Number of protein chains: 2
Amino acid sequence: MVTTNFNSRFIDNPLNCPVTRTMSIIGGKWKPIILNCIGERAIRFGKLNQIIPAISNKVLANELKELENFGLVKRTEFLELPPRVEYELTTSGKSLMPILHELANWGNKNVAKKIIKELS
Amino acid sequence: MVTTNFNSRFIDNPLNCPVTRTMSIIGGKWKPIILNCIGERAIRFGKLNQIIPAISNKVLANELKELENFGLVKRTEFLELPPRVEYELTTSGKSLMPILHELANWGNKNVAKKIIKELS
DNA sequence: ATTAGTGGTTACCATTAGGTTACTTGTATT
DNA sequence: AATACAAGTAACCTAATGGTAACCACTAAT
């Protein structure tokens, strides 16, 4: 059983909040996008970089490493030349996707227009 | 209808992703905690600051202002002395809470132990 | 000999989020 | 006369996040 203060009356440290903890993993600027781009298939590093051209390879490599560390993504290296590496979602990563889609729907209904307005 | 590239094949700007947009609102270090502490009741600024002692009043005021801006929180000012201000969740804010709880549960099952381990 | 393809790494820089401390306003209390 | 209360503001500082550009290893093709 893991500590949770999300329903407690006294928060002395944000990391006692399970939502904040979860955010610390998926809250990066590119993480939800990367997870969604991987989707149901295995995909190569270079292909991801094509689909998300605005992300630099440094940042992409970092994000993938973190996602791998937390067990959301599985990295498979093939010993070929030129090198080939494939990324795919783990069971844990896949189980997150429905929640991300709920967030997306909620955002589209509730705040999307305001954000877009604020940026123009 | 709002633009969404969350399911598209080409991401040129993270703000075209509705999940990223939603994160930009609730992804702050303290926002989910604040929303949860407000809960179903109206609560005063000072009371929030007591419940979350680790947040400074400057940051708390900022976060509340943003949440108000995006329509998740309603601020009511009473013209009394000393001043009294009450915050409560709007319908939109309340509708987000079930999703945050799903995130919390997902995190507890999937990543909490790893995060806690990494910090010790 | 040079270039291309792949999956990165390294060094460096800019922006932002968040934190600290002190201060304000107006009345009431000691 | 000084202090407390409530709800913030203002000025300043630091650490983390993310961005840029160059480079690497290895082989095959031109």
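The model shown is predicted, which means the values in this text are computed figures rather than measured ones. Side chains are part of it too, since the values below use all heavy atoms of this structure and drop only hydrogens, waters and symmetry mates. Lettering of chains follows the sequences in order, A, B, ..., and the numbering in each one begins at 1.
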Distances under 3.5 Å only, N/O to N/O: pair up the protein atoms with those of nucleotides 27-30 of chain C.
none

Check the interface with nucleotides 11-21 of chain D: list each N/O to N/O pair with the protein under 3.5 Å, or write none.
{"from": "D/dG18", "atom 1": "OP1", "to": "A/Lys29", "atom 2": "N", "distance (Å)": "2.8"}
{"from": "D/dG19", "atom 1": "OP1", "to": "A/Lys29", "atom 2": "NZ", "distance (Å)": "2.8"}
{"from": "D/dG19", "atom 1": "OP2", "to": "A/Trp30", "atom 2": "NE1", "distance (Å)": "3.2"}
{"from": "D/dG19", "atom 1": "N7", "to": "A/Lys58", "atom 2": "NZ", "distance (Å)": "3.0"}
{"from": "D/dG19", "atom 1": "O6", "to": "A/Lys58", "atom 2": "NZ", "distance (Å)": "2.3"}

Table of protein N/O atoms under 3.5 Å from nucleotides 2-6 of chain D N/O atoms:
{"from": "D/dA6", "atom 1": "O3'", "to": "B/Arg44", "atom 2": "NH2", "distance (Å)": "2.9"}
{"from": "D/dA6", "atom 1": "O3'", "to": "B/Pro83", "atom 2": "O", "distance (Å)": "2.9"}

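Defining each end axis of the helix from C/dA1-D/dT30 to C/dT30-D/dA1 as the rotation carrying four pairs' C1' atoms onto the next four, with five pairs an end, the two axes are found to diverge by 40° to 10 degrees.
Nucleic acid contact class of A/Lys65 (heavy atoms, under 4.0 Å, all strands): sugar-phosphate only.
Residues A/Lys29 and B/Pro14 approach most closely at CE-CG, 3.6 Å, considering heavy atoms.
Using a distance-only test at 3.5 Å, with no hydrogens or angles considered, no donor-acceptor pair links the side chain of A/Ser92 to the main chain of B/Asn110. A donor-acceptor contact shorter than 3.5 Å is absent between the side chain of B/Lys94 and the backbone of B/Glu40. A donor-acceptor distance shorter than 3.5 angstrom exists from the side chain of A/Asn49 to the backbone of A/Ile55, with no hydrogens or angles considered.
In this structure, the CG atom of B/Asn62 is 10 Å from the C1' atom of D/dT9, given to the nearest Å.
The side chain to side chain donor-acceptor pair (under 3.5 Å) analysis of residues 51-63 of chain B, with sequence neighbours excluded, yields no pairs.
Within residues 70-79 of chain B, the residues having any heavy atom closer than 4.0 Å to DNA chain D are, in order of number, B/Arg75.
Taking CD1 of A/Ile34 as the start and CG of A/Leu48 as the end, the distance is 7.0 Å to the nearest 0.5 Å.
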